[in-house]
2 protein chains.
Amino acid sequence: MDHGRSPGHRAGLTHAAVLSAARELLAEHGIAGLTMRMLAARLDVAPNALYSHVASKTALVDALLDDVLGEVAVLTPSVENPALGLHQLMTSTYDVLVGHADLVPLYLSRQGAHGPNALRLGEVTLDLLRRAGVPEPTASDALRVLIVYTIGFAAFTRHLPATGGSERRPSAAEMQSSFEHGLGWLLAGISDDHPDAQSHLRFASETEPKRPARK
Amino acid sequence: MDHGRSPGHRAGLTHAAVLSAARELLAEHGIAGLTMRMLAARLDVAPNALYSHVASKTALVDALLDDVLGEVAVLTPSVENPALGLHQLMTSTYDVLVGHADLVPLYLSRQGAHGPNALRLGEVTLDLLRRAGVPEPTASDALRVLIVYTIGFAAFTRHLPATGGSERRPSAAEMQSSFEHGLGWLLAGISDDHPDAQSHLRFASETEPKRPARK
DNA sequence: ACCTGAACACCGTTCAAGT
DNA sequence: ACCTGAACACCGTTCAAGT
């Protein structure tokens, strides 16, 4: 594989190139195809050459997920309607993660070394919660709940466990619909715990425009 | 390792013995220690001997998780108070899964070949939802949402991502508290969608006795 | 600093035997 | 049917070189 290159010559790899090739590999061959050796082969490089640009495979996966998280749409801070902004942010995160569902379980099994994009999303969410009038002890709970709920649902969109009885596997569209229902319940519950909130979060799920089903 | 045993003699393994040894291995050495070869070594057996009792490693993991799920307390069907039964069932599931949090991400990454215990839990949950007065299109959504929420939270109890800013890692007790808050929001939201429900699910989270923090 | 060659210490799984 | 011995086709990672 390694195109005629003697020990001293370099291939011109970069961290970004490795990351980008990893994303392609993941998209094409799924999670099973994402190995250091396959990645090296795709880059026409010896397997150990990758370690000049990536500390380890787990570091690669962490970087990969944060890279994906960078695609989440963080619209104008929605100062006027934080409730709607909250709903939009979670659904956008859900959409992006579903597009790379293989990555989530892999990320779950590691120490969550959170990248800058993940941190940014957490901060934006917390900010929206506060603006919606949710006071501090509850806001932290709500942040955790929303994150876990969204990521958990994204991880499950492919294979849902035990939906009871002999029912067939729910489609991606059904999963998205269930996700949206549950998100509405959560946002309503958060808001109902604090009736002095400036606007009911429940409002968001009703005014949100329909998204097209994923390809 | 293999105690003097010639090719023809048997070691007396059973499916249950393999499964039990796998649980011990998981508890002692974590997820990294759960390999077919380590498992064989612990049973004083050649690695390939396991394949007489287990089809593959993924089948082992599936069986392992369903075995764990068998520990979930399914109390008297709570005919009188389905709302409280629902809350109790989810918290029990959460507690059990948190005790084996390593298993969940591994389970997520596979095709969810659902064992009998998982199916039973799904059916019991759905039954409770119906008894609580939740009509059918919503009940399926609620079932999915509750399952995903509970399993997702269990998977995250060790490493929570992006709780925003530079806050330190939440403790297990904090995670449990957040889980319970979110569960209350969900149950309240489900019940509020159907005001004719025989009893507000919200009621459950208020009458539920305190559980001791996990060891 | 970046890359190669070779190797180490593992994996899950299969195949041909033995009783 | 259950187990061993040996092997296959992989892994991630390290170490000593080369330029």
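Chain letters run A, B, ... following the sequence lines, proteins first and then strands; every chain starts at 1. Keep in mind that this is a model prediction, so the values were computed, not measured.
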When you compare the side chain of [Y] with that of [X], does any pair of heavy atoms fall below 4.5 Å?
X	Y	value
B:P116	B:D66	yes
B:R120	B:N117	yes
B:H181	A:R144	no

Can you check nucleotides 16-19 of chain D for protein contacts, nitrogen or oxygen pairs under 3.5 Å, and list what you find?
residue	atom	partner	partner atom	Å
D:dG18	N2	A:P7	O	3.1

Report which part of the nucleic acid B:A11 touches: base, sugar-phosphate, or nothing (heavy-atom distance under 4.0 Å, all strands).
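The residue B:A11 makes sugar-phosphate contact but no base contact.
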Looking at every strand, decide which applies to A:T35 at a 4.0 Å heavy-atom threshold: base, sugar-phosphate, or nothing.
sugar-phosphate
B:H53 side-chain N/O to D:dC3 phosphate OP1/OP2 under 4.0 Å
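True: B:H53 side-chain N/O within range (under 4.0 Å) of D:dC3 OP1/OP2.
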Check this one for me: any side-chain N or O of A:R5 less than 4.0 Å away from OP1 or OP2 of C:dT4?
yes
Starting at atom [atom1] of [X], determine the distance to atom [atom2] of [N], rounded to an integer number of angstrom.
X	N	atom1	atom2	result
B:L50	D:dA1	CG	C1'	16 Å
B:R37	D:dA7	CZ	P	13 Å
A:L25	D:dC11	CG	C1'	14 Å
B:L43	D:dC3	CG	P	10 Å
A:L34	D:dG12	CG	C1'	12 Å
B:M38	C:dG12	CE	C1'	15 Å
A:K57	D:dG12	NZ	P	5 Å
A:L39	D:dC11	CG	P	11 Å

Rounded to the nearest 0.5 Å, what separates atom CG in B:D62 from atom CG in B:L106?
9.0 Å
Verify salt bridge (charged side-chain N to carboxylate O under 4.0 Å, His left out) between A:R23 and A:E71, making sure each step is shown before the conclusion.
CA-CA 13 Å; A:R23 289 191 60 161; A:E71 298 175 5; 2.5 Å; yes
Which nucleotide in D:dC2, C:dT13, D:dC11 has an atom nearest any side-chain atom of B:S52
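Looking only at side-chain atoms, B:S52 lies closest to D:dC2.
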Write down the distance separating the P atoms in C:dA9 and D:dA9, rounded off to the nearest Å.
22 Å
Base-pairing mate for D:dC2 - Watson-Crick or G-U, with both contacts under 3.5 Å
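Its partner is C:dG18.
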Applying the 3.5 Å cut-off to both distances, the Watson-Crick or G-U partner of D:dG12 turns out to be C:dC8
Could you check B:A49 against A:Y51 and say which one's nearest nucleotide on DNA chain D is further toward the 5' end?
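Result of the comparison: B:A49.
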Using distance alone, with no hydrogens and no angle criterion, decide if B:S140 and B:E136 have a side-chain donor and acceptor under 3.5 Å apart.
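Yes - a donor-acceptor pair under 3.5 Å links their side chains.
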Could you tell me if the ring centre of A:F179 sits under 6.0 Å from that of A:Y149?
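Centroid distance A:F179-A:Y149: below 6.0 Å, so yes.
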